Amino acid sequence: MLSTICCFTVILFFAAIASNVSAAFYARKIFDVRRYGARGDGKTDNAIAFTKAWKEACEWKGNPRVYVYVPFGTFYLGGVTFAGPCKSRISFIIKGTLLAPKEANVIKQDTWIIFRYVDNLAVSGGGILDGQGSYSWRHNDCRRNPKCRPLPMNIGFQFVRFSRISRIKSLNSKMGHFNFFAVSHLNITQVRIRAPGNSPNTDGIKIGLSNHIKIHNVDIGTGDDCIAILSGTTDLDISGVNCGPGHGISVGSLGKYTNEKSVRGLTVRDSIFNGTSNGVRIKTWASSTSRNLVSNFLYTNLQMINVGNPINIDQHYCPISPCSDKSFSQIQIRDVKFHNIWGTSTNKVAVKLQCSKIAPCKNVELVDVILVHRGYDGPATALCENVGGQTRGKIFPPSCL
Ligand SMILES: *[C@@H]1O[C@H](CO)[C@@H](O)[C@H](O)[C@H]1NC(C)=O
Ligand SMILES: *[C@@H]1O[C@H](CO)[C@@H](O)[C@H](O)[C@H]1NC(C)=O
């Protein structure tokens, strides 16, 4: 009798495990946008259908994830916001192409596709975000007109945590491609970004007020910074980037606004810059209002192929003249390491360390930096202003530290 009870219990126990396993494997809850009326014909506006699918997925309590699914096809879409918080972890799978309106003013928000207040989100699927930017680039006058209406960016993540983005391609954004604001603990991998080298303000990945972000294995060719790192970003790890064309990986510009925060803990490693106007750059406005810190940076294992300014600290940034030669940046740059950086510079000045007169750069370290320049104007040179630090290993052009 005892043994019967025992074995019956054991059988129940195994049955329970088996049913849990099958629930995990077979009860994947999938919200296919087609069930909400979406059509991949390249014409129908699918914004409402997508929003409905998202809302139901967000309200669904499922384990371990629920899926929003965009199949193959071309899904035209006006501006959409996918807002949380959600009851489950959501995977947003894009197989096909999302097509933006040609006219920028059809999108009534600053970014075409927005994810906001979501935790444990995964966006992937191998699909394409086509911003159709070529129709609006000629209207972009932000260089000349400070009151210009910014064009919408392709995709934005705001207040998103513990999430990942992989296998997504962004094409021809009207302004920037990916924008991250107030995001933490996020991984970005296998993302491909493409816009022409002369398209205006098409930053690849823009990050502000965010922390614990990892970017690896991304391929970026665009008309502005491949990656732009803005105020309040900390603990950012970037590796395996293929950048070019573009303006390189930039920190800043910083110092324009009073409410800015420091940028700390940046690593850029194992990457290639090919035909970019800059390699790694830190820029702060010549006349800055804030006194923040830029510190604990490591740039290592970087190859430069025909790069304009491979290493560039510019604390005299002033794109809109006239600029007073009596105003100096108050942003303090310190503990910045450049290790194992090699390749070719199209400008004679391959290493530019131009720091502020009133807040000189401290503890800048160059180890094994070899950058050559091939031109009638002679070999590569280095330029230092108001900078303290040290060098080790092989250094060319000769150090000015
Ligand atoms: C990001 O990647 C790291 C290691 O590469 C991993 O430990 C971490 O859990 C990942 N985070 C997310 C949110 O996927
Ligand atoms: C650099 O870019 C040029 C021109 O696009 C290309 O031909 C070349 O293969 C690239 N080099 C590397 C190492 O990626």
Side-chain angles (χ1 to χ4, degrees), residues 63-67 82 84-86 88-93 115-125 155 157-168 171 178 180-199 202 204-205 207 210-224 226-227 233-249 265-280 298 300-310 340-347 370-374:
N63 240 334
R65 288 193 157 265
V66 301
Y67 296 79
F82 301 120
C86 297
S88 300
R89 298 163 177 242
I90 298 188
S91 287
F92 200 107
I93 313 286
F115 287 91
R116 184 183 286 155
Y117 307 123
V118 191
D119 288 348
N120 303 300
L121 172 71
V123 179
S124 68
I155 187 164
F157 296 81
Q158 307 166 355
F159 305 93
V160 166
R161 302 181 301 179
F162 311 108
S163 296
R164 56 178 197 264
I165 298 165
S166 58
R167 297 189 304 116
I168 292 291
L171 288 182
F178 283 81
F180 297 92
F181 179 78
V183 161
S184 70
H185 299 273
L186 181 110
N187 294 348
I188 303 164
T189 62
Q190 293 172 279
V191 161
R192 214 177 133 83
I193 293 173
R194 279 285 174 280
N198 61 0
S199 55
T202 51
I205 298 177
I207 305 170
S210 295
N211 62 75
H212 296 97
I213 296 189
K214 288 187 203 300
I215 300 175
H216 68 103
N217 298 347
V218 297
D219 186 348
I220 307 175
T222 195
D224 204 329
C226 287
I227 302 178
T233 298
T234 59
D235 298 299
L236 171 59
D237 182 28
I238 298 172
S239 64
V241 179
N242 227 320
C243 169
H247 296 181
I249 297 184
L266 168 69
T267 303
V268 179
R269 54 192 169 90
D270 311 318
S271 295
I272 297 174
F273 298 79
N274 188 355
T276 53
S277 57
N278 293 279
V280 289
L298 171 62
T300 185
N301 295 331
L302 305 178
Q303 183 180 8
M304 305 285 168
I305 304 167
N306 297 325
V307 170
N309 303 291
N340 200 26
I341 298 178
W342 75 97
T344 49
S345 170
T346 56
N347 287 325
I370 301 184
L371 293 163
V372 299
H373 169 68
R374 299 191 188 94

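For clarity, every value in this text was computed on a predicted model and none was experimentally measured. Atoms within a ligand are numbered from 1 in the order they appear, just like the ligands themselves.
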Set out, in order, the CA-CA distance, both residues' side-chain angles and the distance that settles side chain to side chain contact (heavy atoms under 4.5 Å, CB included) for Gln158 and Phe115, then state yes or no. CA-CA 6 Å; Gln158 307 166 355; Phe115 287 91; over 6 Å; no

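Counted by atom type alone, Asp224 and His247 present one or more donor-acceptor pairs between their side chains at under 3.5 Å. Side chains of Asp219 and Asn242: no donor on one and acceptor on the other come within 3.5 Å.
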List below, pair by pair, the N or O atoms of ligand 2 and of the protein that are less than 3.5 Å apart, including the distance to 0.1 Å; reply 'none' if no pair qualifies.
| unit_1 | atom_1 | unit_2 | atom_2 | d |
| --- | --- | --- | --- | --- |
| ligand 2 | 2 (O) | Asn274 | OD1 | 3.2 |
| ligand 2 | 2 (O) | Asn274 | ND2 | 2.4 |
| ligand 2 | 11 (N) | Asn274 | ND2 | 2.9 |
| ligand 2 | 14 (O) | Asn274 | ND2 | 3.4 |

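Thr189 and His216 make their closest contact through CG2-NE2, 2.9 Å (heavy atoms, listed as atom of the first residue, atom of the second, distance). Nearest heavy-atom pair across Gly244 and Cys226 is N-SG, 3.9 Å. Considering all non-hydrogen atoms of both residues, Phe273 and Gly279 come closest at CE2-O, 3.5 Å.
Here's the thing with Arg164: none of its N/O atoms is less than 3.5 angstrom from an N/O atom of ligand 1.
Residue pairs meeting the salt bridge (Lys or Arg N to Asp or Glu O under 4.0 Å) criterion with at least one member in residues 268-278, sequence neighbours excluded, are Asp237-Arg269.
Taking every non-hydrogen atom of Phe162 and a distance limit under 4.0 Å, the qualifying atoms of ligand 1 come out as 13 (C).
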